[in-house]
Amino acid sequence: MERRSVLKSLGGLLLTPPLINSRWENENKPALRIAHITDVHLKNEFGAPDKFVKCLHHLQRQTPKVDMILNGGDIVFDMNKENIGTIDDQWKLFNNIMKSENSIPVRYCLGNHDIWWNENNKGQAVYGKQYSLDQLHLSKPYYSFEKGGWKFIILDSVHLDIDDTWYIGKLGQEQFSWLENELKTTDVNTPVLVLSHIPILTATLMIEDDVVNKWQMLGGDMHTDTSKIIKLFYQHPNVKICLSGHIHLRDKVQYNNVTYICNGAVSGAWWKGNRRETAPGYGIVDLFADGSFQERYVNY
Ligand SMILES: [Fe+2]
Ligand SMILES: [Fe+2]
């Protein structure tokens with residue numbers, strides 16, 4: 001688009017519009033800048049609260065500014081087998097920090113540590129995923145929304161097993177049908193970003209010490225319905241990028257023109273430094289109107 005200089009004369013005073021950052025003027029300006037934080041695992045130990053605040057401040061100082069935060073799950077340290085008092089404390093700490101230290105809109109996805117699996121408390125109304133859904137004011141653990149011309153699909157990777165006390169990475173039939181319908185009803189020109197806690201596809205699981213004959217891939221490490229999801233995405237070329245966490249390692253796999261990014265962890269190795277070569281960090285993703293994107297992992 002041709003740029004015209006606009007000059008206004010007011011009572012002899014000549015006003016020129018302020019200089020605008022050239023990156024915002026060309027056709028390729030990002031429609032939206034996302035910060036992807038995952039695996040915060042917050043609790044009042046290991047200096048975690050101060051480090052998390054540092055991360056939030058760091059991402060809020062980015063220029064251009066971040067428009068939206070995606071929190072990819074494992075929000076609190078661990079709810080699984082804890083008692084309700086510990087769980088309440090972790091969430092209170094999390095909510096207080098988000099309220100006082102962050103001013104950017106956030107959308108959430110649940111991780112396996114945001115689920116309560118203490119068998120002795122199965123009768124309680126907030127057992128399982130309900131406690132975290134209530135904290136996050138979500139009616140369902142999977143949902144979608146549109147922003148900046150992109151569609152965001154938030155998945156619930158954590159599929160409860162038969163007795164609701166452990167999990168595998170899977171969507172399940174109901175959620176898979178919902179996903180099929182979501183993609184079918186999305187305009188083909190609307191690019192799609194998918195957020196899940198457990199990776200749909202990652203190479204990080206192949207990095208193991210002492211591999212002799214085979215790698216071991218557990219059902220909780222990566223989605224077990226990967227081939228089904230990939231086949232579905234193949235029918236919808238507007239699916240561009242899938243973000244995940246869970247492994248606390250950073251990698252990027254491209255398959256069929258979809259980029260799958262496992263985006264490290266804000267907590268690194270659960271607040272004890274790096275996890276292998278991946279330092280504590282978060283992702284910055286610039287989404288463009290034409291469906292392209294640029295991204296990087298930022299150590300804060
Ligand atoms: Fe985690
Ligand atoms: Fe996890």
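All heavy atoms count here, side chains included; hydrogens, waters and symmetry mates do not. Read the numbers this way: they start at 1 and go in the same order the structure lists the ligands and their atoms. Sequence positions, counted from 1, serve as the residue numbers for this chain.
Nearest N, O or S atom of His41 to the Fe ion (ligand 1): atom NE2. Between the Fe ion (ligand 1) and the N, O or S atoms of Asp39, the shortest distance is to OD2. When you scan the N, O or S atoms of Asp74 for the one nearest the Fe ion (ligand 2), you land on OD2. Restricting His246 to its N, O or S atoms, the one at the least distance from the Fe ion (ligand 2) is ND1.
The ring of Tyr282 has its center closer than 6.0 angstrom to the ring center of His58. In summary, the aromatic rings of His223 and His197 are positioned with their centroids too far apart to meet the 6.0 Å limit. The ring of Tyr127 has its center no closer than 6.0 angstrom to the ring center of Trp117.
The pair Arg275-Asp39 fails the salt-bridge criterion, with no side-chain N (NZ, NE, NH1 or NH2) lying under 4.0 Å from an Asp/Glu carboxylate O.
Geometry note: the Fe ion (ligand 2) is the vertex, His197 NE2 and Asn112 OD1 are the arms, and the angle is 90° (rounded to 10 degrees).
Between Asp156 and Gln175 the shortest heavy-atom distance is N-OE1, 2.8 Å.
Among the backbone and side-chain atoms of His248, an N, O or S atom lies under 2.8 Å from the Fe ion (ligand 1).
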